[in-house]
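Worksheet: the structure to be examined is printed underneath.
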Amino acid sequence: METPSFLLFLLLLLSSSPSPTTAGKCNKSDKRALLAIKASLNNGNSFQSWTNASACCDWYGIECDPGIADGRVTGLQILTNPSLSGSIPSAVGDLPFLTNIIFHKLPGVVGTIPPSLTRLSLLFSLLLSWNSLSGPIPAFLGQIPSLFDLDLSFNKFHGSIPPELSLLQNLGALHLDRNQLTGSIPASFAHFNKSSPPDLYLSHNNLSGEVPPELGALAWGMIDLSRNRLSGDPSVLFGEAKPTTNIDLSRNLFVFDLSRVTFPVNLTLLDLNHNQITGSIPAQLNQVTGLVVFNVSYNRLCGEIPVGVVTANFGSDAYFHNKCLCGSPLPAC
C-alpha cells in the first residue's frame, strides 16, 4: 500500500526539473552549501550536473522558488543510487529556505541525522527512507515545528522513540517503521494535535509494553503497530465515532475482549491477526461497509461469526485458527 510519504515523494519527483523562472539562477551561499554536500558524499554520480560552471537551480534534484530572493533552493532530492556513500552532510543545514529533503534508497548512506537540520525553520517534509542510517532517532527533530511529514522508515535506527517528537504539532505522518526500535510507545504521543494527529507507522520494530491509554483521546486517521512485541489492551484505539480508517495491530501480544469493542464506521483496513484476542466478533462490524482488508485469524475468539454484508466478503483465512469461531465461511456451529 502506498503511504502518504511515498505519494509526496512521487509528486516531488515529478517536479524535479527546474522551472523556467529559476533556470540559470543560483544564490552564491546556496551553491557553496550544495558543493559541500557533493564533496561529503564523495562526488558520487548523482552529482554530474553539479558543476561550478552551471547554475545550481538547473542541477538535477534541486528545486528553487523564484518568489524567494530571486530563486533560493527549496528542495533537495537525492534518489536511488546504490553507489553513493557517506553520511548526510551537516551542510544541508546551510540551505535556510529548504522545505523538502529526500534521501531515498541510498544503501551506502550511513551514520546519523545531523543536528544542523534544526536550523531549517521552513522544513515541511523530511524523507530519509530506505537508507542505512543508524543510531538513536534524535530528539532534536522535535525542534523543527514546521515538519508535516517525517519518514525515517527502512533504516537501522535503534533505541527508544524520543518523546520529544510529540512537540511536532503540525505533523501529518510519522514513519518509523522497518527499523530496530525498542522500548515502549511514548505516552507523550497523546500530546499530538488531538483533532488531527499524524498517521502513525511503527510496524516491524521490537517495541514492547502497552499502548498508552491516553492515546485513545486522539482522532487517529491511520495507525500501524504491527509486527512488534506490544502487549496489553489496545481497545482505546477503537470506537464507533472515531474517524480512523486503518488499524493494523497484527503480530503482537495483545490481549483484550473483542466483543466489548465498537469499530470506527469509516474503517477500510482492520488487521488483528496473530494476537491473543478473546471474546466474539461484534455484529456491529457489519455496519463498517467500506472495509476492504479484514483479518482476525490466529487468536482465541469464539462464537458464531455474525451474518452480514461485511463478514460475508471475507474468506475462511480471515477467521481461521481461533479457539472456537464458527459459522460461514467456517464450519457450522
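Scope of the values below: all heavy atoms of this structure, side chains included, with no hydrogens, waters or symmetry mates.
Side-chain contact check for Thr245 and Asn266: no donor-acceptor pair (N or O, by modelled atom type) lies under 3.5 Å. For the residue pair Thr74 and Asp65, no side-chain donor N or O sits within less than 3.5 Å of a side-chain acceptor on the partner. For the residue pair Asn246/Asp224, the side-chain donor-acceptor check at 3.5 Å is not satisfied. A donor-acceptor contact closer than 3.5 angstrom links the side chains of Ser195 and Asn193. Between the side chains of His104 and Ser129, at least one donor N or O lies within less than 3.5 Å of an accepting N or O.
Looking at heavy atoms from C-beta onward, Leu269 lies out of side-chain contact with Ile247 at the 4.5 angstrom threshold. The closest side-chain heavy-atom distance from Ile102 to Ile78 is not below 4.5 Å. Proximity of Tyr319 to Ile281: side-chain heavy atoms (C-beta onward) are separated by under 4.5 Å at one or more points. Side-chain atoms of Glu63 and Gln77, non-hydrogen and from C-beta on, do get closer than 4.5 Å to each other. The side-chain heavy atoms of Ile305 and Leu325, taken from C-beta on, include a pair separated by under 4.5 Å. Taking the side chain as every heavy atom from C-beta outward, Ile185 and Leu202 approach each other to under 4.5 Å. Looking at Ile113 and Leu117, their side chains come closer than 4.5 Å, going by heavy atoms from C-beta outward.
By the 6.0 Å contact criterion, CZ on Arg300 is open, its count of non-hydrogen atoms from other residues, nucleotides or ligands being 12 or less. Within a 6.0 Å sphere centred on NZ of Lys194, other residues, nucleotides and ligands contribute more than 12 heavy atoms.
Judged by the 6.0 Å distance and 45° axis criteria, Lys105 is positioned over the aromatic ring of Trp130.
Hydrophobic clustering (ILVMFWY, side-chain heavy atoms < 4.5 Å, transitive): Phe140 and Ile137 are in one cluster.
Separating the CG atom in Leu270 from the CZ atom in Phe238 is a distance of 5.5 Å, to the nearest 0.5 Å. In this structure, the separation between CG on Leu122 and CG on Asn100 is 11.0 Å, given to the nearest 0.5 Å. Atom CG of Asn206 and atom CG of Leu181 lie 8.5 Å apart (nearest 0.5 Å). In this structure, the separation between OG1 on Thr244 and CG on Asp199 is 9.5 Å, given to the nearest 0.5 Å. In this structure, the separation between CG on Leu272 and CG on Asn295 is 8.0 Å, given to the nearest 0.5 Å. Residue Glu210 holds its CD atom at 8.0 Å from CG of Asp233, rounded to the nearest 0.5 Å.
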Stepwise disulfide (SG to SG under 2.5 Å) check, Cys326 with Cys333 = CA-CA 5 Å; Cys326 57; Cys333 295; 1.9 Å; yes
Taking it one step at a time, do Cys26 and Cys56 satisfy disulfide (SG to SG under 2.5 Å)?
-> CA-CA 5 Å; Cys26 190; Cys56 58; 2.1 Å; yes
Show your working on side-chain contact (heavy atoms from CB on, under 4.5 Å) between Asp94 and Arg119 and close with a plain yes or no.
-> CA-CA 8 Å; Asp94 296 329; Arg119 300 201 294 266; 2.6 Å; yes
Check against side-chain contact (heavy atoms from CB on, under 4.5 Å), Phe256 and Thr278 | CA-CA 6 Å; Phe256 65 102; Thr278 60; over 6 Å; no
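Between the side chain of Gln169 and the main chain of Ser166, a donor-acceptor pair closer than 3.5 Å is present. Looking only at distances, a side-chain donor or acceptor of Asn155 sits under 3.5 Å from a matching main-chain atom of Leu128. A donor-acceptor pair under 3.5 Å links the side-chain atoms of Ser132 to the main chain of Pro107, judged by distance alone. Checking side-chain atoms of Asp149 against main-chain N and O of Leu126 turns up no donor-acceptor pair under 3.5 Å. Judged purely by atom type and a 3.5 angstrom limit, Trp220 uses its side chain to pair as donor or acceptor with the backbone of Leu215. Without hydrogens or angle criteria, Asn299 side chain to Ser297 main chain gives a donor-acceptor distance under 3.5 Å. Between the side chain of Lys156 and the backbone N or O of Gly111, no donor-acceptor pair lies under 3.5 Å. Using modelled atom types, one side-chain atom of Asn205 and one backbone atom of Leu176 make a donor-acceptor pair closer than 3.5 Å. At least one donor-acceptor pair under 3.5 Å links the side chain of Asn322 to the backbone N or O of Val296. Side-chain N or O atoms of Asn252 include one that pairs as donor or acceptor with a backbone N or O of Leu230 at under 3.5 Å.
Taking a cutoff of 4.0 Å between a charged side-chain nitrogen and a carboxylate oxygen, Lys25 and Asp58 do not qualify as a salt bridge.
Residues Ser146 and Ser121 share a closest heavy-atom pair of OG-O, 3.2 Å.
Aromatic ring centroids of Phe263 and Phe294 lie 6.0 Å or more apart.
Results of the side chain to side chain contact (heavy atoms under 4.5 Å, CB included) test with Phe254 over Ser235, Ser231, Pro234 single out Pro234 as the only residue that passes.
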